[in-house]
Amino acid sequence: MEALDDIHKGFLLLDWLDLRSRSADLGLFVNWGDDNKILHGDDWRDLMKKEMSDLKESIRDEKNKRWQYWELRLKVLTAIGVALTGTIGATIGLIAMLRK
């Protein structure tokens, strides 16, 4: 039973470190000073799971913010493209009418 508990702790530790590295890649602040409290405390599972859920939430929020940034740019570019197409069409129509 103790070996299974150690394996579970190892997998949980790997998931935790993966989330920390992904959040660092996104530029989110990770406080590495709490590692001793999490890794060597009596209630390490609760602390680690709480931090993992916080990290997942902050990663999800950061990805949503980045997507919203690009989504707004795409909407603006699409609106400009539609406006340019309409303007070019209207100009061609006016030129054709004035020539007759």
Side-chain angles (χ1 to χ4, degrees):
M1 192 64 175
E2 187 176 320
L4 287 176
D5 197 35
D6 288 342
I7 291 171
H8 177 68
K9 183 177 181 179
F11 282 127
L12 194 60
L13 182 65
L14 287 175
D15 288 341
W16 176 63
L17 290 173
D18 179 52
L19 284 172
R20 282 185 153 219
S21 66
R22 284 195 316 188
S23 64
D25 287 342
L26 289 173
L28 300 172
F29 176 72
V30 178
N31 187 3
W32 294 98
D34 294 337
D35 289 350
N36 286 334
K37 183 173 68 173
I38 291 174
L39 293 176
H40 301 294
D42 293 335
D43 55 347
W44 62 270
R45 282 189 180 144
D46 296 334
L47 291 172
M48 194 176 289
K49 287 182 180 179
K50 181 185 180 316
E51 183 176 342
M52 286 175 70
S53 70
D54 292 344
L55 285 171
K56 285 178 185 177
E57 182 180 348
S58 63
I59 289 170
R60 188 173 37 251
D61 289 344
E62 183 66 25
K63 285 184 178 181
N64 284 340
K65 285 178 188 175
R66 290 180 183 206
W67 169 246
Q68 288 173 354
Y69 173 81
W70 287 108
E71 184 182 31
L72 178 64
R73 299 303 185 269
L74 288 172
K75 285 180 181 179
V76 168
L77 288 175
T78 303
I80 289 172
V82 168
L84 282 175
T85 303
T87 304
I88 292 169
T91 304
I92 290 172
L94 284 174
I95 291 171
M97 284 183 58
L98 291 175
R99 281 194 171 183
K100 287 186 176 188

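In what follows, every heavy atom counts, from backbone to side chain, and hydrogens, waters and symmetry copies are set aside.
Annotation: side-chain contact (heavy atoms from CB on, under 4.5 Å) contacts of Ile95 (sequence neighbours excluded): Thr91, Arg99. Not counting sequence neighbours, the partners of Asp18 by the side-chain contact (heavy atoms from CB on, under 4.5 Å) test are Ser21, Arg22. Taking Asp54 as the reference, Lys50 meet the salt bridge (Lys or Arg N to Asp or Glu O under 4.0 Å) condition, with sequence neighbours excluded.
Neither Leu77 nor Leu72 shares a network with the other; the hydrophobic side chains, linked directly or stepwise wherever heavy atoms of I, L, V, M, F, W or Y lie under 4.5 Å apart, form separate groups for each.
The side-chain hydrogen bond (donor to acceptor under 3.5 Å, both in side chains) pairs that include a residue from residues 66-80 are Glu62-Arg66, where partners are two or more places apart or lie in different chains.
We find the CG-CD1 distance between Asn64 and Ile59 to be 12.0 Å, quoted to the nearest 0.5 Å.
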Cut-off 3.5 Å, no hydrogens considered: what does the side-chain donor-acceptor table look like for residues 80-89, sequence neighbours left out?
| from | atom 1 | to | atom 2 | distance (Å) |
| --- | --- | --- | --- | --- |
| Thr85 | OG1 | Gly81 | O | 2.8 |
| Thr87 | OG1 | Ala83 | O | 2.8 |

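Residues Leu19 and Trp16 have side chains not in contact (no heavy-atom distance under 4.5 Å, counting atoms from C-beta outward).
Side-chain contacts under 4.5 Å among hydrophobic residues (ILVMFWY), followed directly or transitively, place Leu74 with no other residue at all.
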